[in-house]
Amino acid sequence: MRDLPLTSDLLDLARRISVLELPPSERERHGHLSATAEAIAAREVEAGEGWQREIEAALAEFYETAPHPNPLPASGERETQAAPRAVEGEGGPMTPLVRLAADLRNGAFETSPSREIAVRAILWRLVLAKLREANPQFLAANGFE
């Protein structure tokens with residue numbers, strides 16, 4: 001559920017590039033980006049996978065407890081009829097987050113205020129969790145933490 005590119009990939013890239021090989025005008029920026037990637041990686045390790053499991057559980061409960069309103073969901077079937085399907089280009093089942101994204105794009109919650117409120121709450125929790133790892137200064141500067 002973490003964004004791409006993965007922080008580990010960014011750290012690997014930063015470590016492979018020697019500051020001495022860069023033009024002087026790019027050294028400070030490289031140092032800043034490397035430090036930022038290291039800080040994000042440390043916060044990811046500290047946070048662990050707990051918030052991701054919470055979001056996945058909230059989405060699973062959301063889809064289990066409330067049937068889809070009309071219009072039909074992204075898969076074109078009623079929720080009780082829908083079987084797990086593969087994501088385009090991948091062989092695995094559709095994850096709850098991918099399903100949510102498809103339903104949002106298709107306006108599946110526009111006719112159901114209660115489901116729209118519920119999905120907004122889940123999305124808000126997701127955004128806050130990601131910002132805690134990637135940019136906690138933004139949260140603090142805007143009075144969220």
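All of these numbers come straight from a predicted model, not from anything done at the bench. Numbers here simply count residues along the sequence, with the first being 1.
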Rounded to the nearest 0.5 Å, what separation is found between the CD1 atom of Ile117 and the CZ atom of Phe109? 13.0 Å
Is there a donor-acceptor pair under 3.5 Å between the side chain of Asn142 and the backbone N or O of Phe138? yes
Audit row: Arg132, Trp51, side chain to side chain contact (heavy atoms under 4.5 Å, CB included) steps and yes/no: CA-CA 11 Å; Arg132 280 187 194 103; Trp51 69 266; over 6 Å; no
From Leu33 CG over to Leu11 CG, what is the distance, rounded to the nearest 0.5 angstrom? 11.5 Å
To the nearest 0.5 angstrom, please state how far the CZ atom of Arg16 sits from the CD atom of Glu21. 11.5 Å
Tell me, with the steps shown, if Thr95 and Leu100 meet side chain to side chain contact (heavy atoms under 4.5 Å, CB included). CA-CA 9 Å; Thr95 67; Leu100 176 65; over 6 Å; no
Rounded to the nearest 0.5 Å, what's the gap from CD on Glu133 to OG1 on Thr7? Could you check? 7.5 Å
For the pair Arg27 (side chain) and Val19 (backbone), establish whether a donor and an acceptor sit closer than 3.5 Å, ignoring hydrogens and angles. yes
Nearest 0.5 Å, what's the CZ-CD distance between Arg125 and Glu54? 6.5 Å
Flag yes if Val127 and Leu139 sit in one hydrophobic cluster, no otherwise; membership is Ile, Leu, Val, Met, Phe, Trp, Tyr, and two members link when side-chain heavy atoms are under 4.5 Å apart. yes
Rounded to the nearest 0.5 Å, how far apart are CD of Glu61 and CD of Glu64? 8.0 Å
Can a donor-acceptor pair be found, under 3.5 Å and without considering hydrogens, that links the side chain of Asn135 to the backbone of Leu131? no
Are Leu128 and Ile122 connected in a single hydrophobic cluster, I mean Ile/Leu/Val/Met/Phe/Trp/Tyr linked by side-chain heavy atoms less than 4.5 Å apart? no
Start with the C-alpha distance between Leu97 and Leu126, add both sets of side-chain angles, then the distance that settles side chain to side chain contact (heavy atoms under 4.5 Å, CB included), and finish with yes or no. CA-CA 10 Å; Leu97 196 58; Leu126 174 64; 4.1 Å; yes
Run Asp9 and Leu13 through side chain to side chain contact (heavy atoms under 4.5 Å, CB included) and show every step you take. CA-CA 6 Å; Asp9 294 340; Leu13 178 63; over 6 Å; no
Near Glu46 CD, under 6.0 Å, is it more than 12 heavy atoms from other residues, nucleotides or ligands? no
Contact between Val119 and Trp124 at the side-chain level, heavy atoms closer than 4.5 Å - yes or no? no
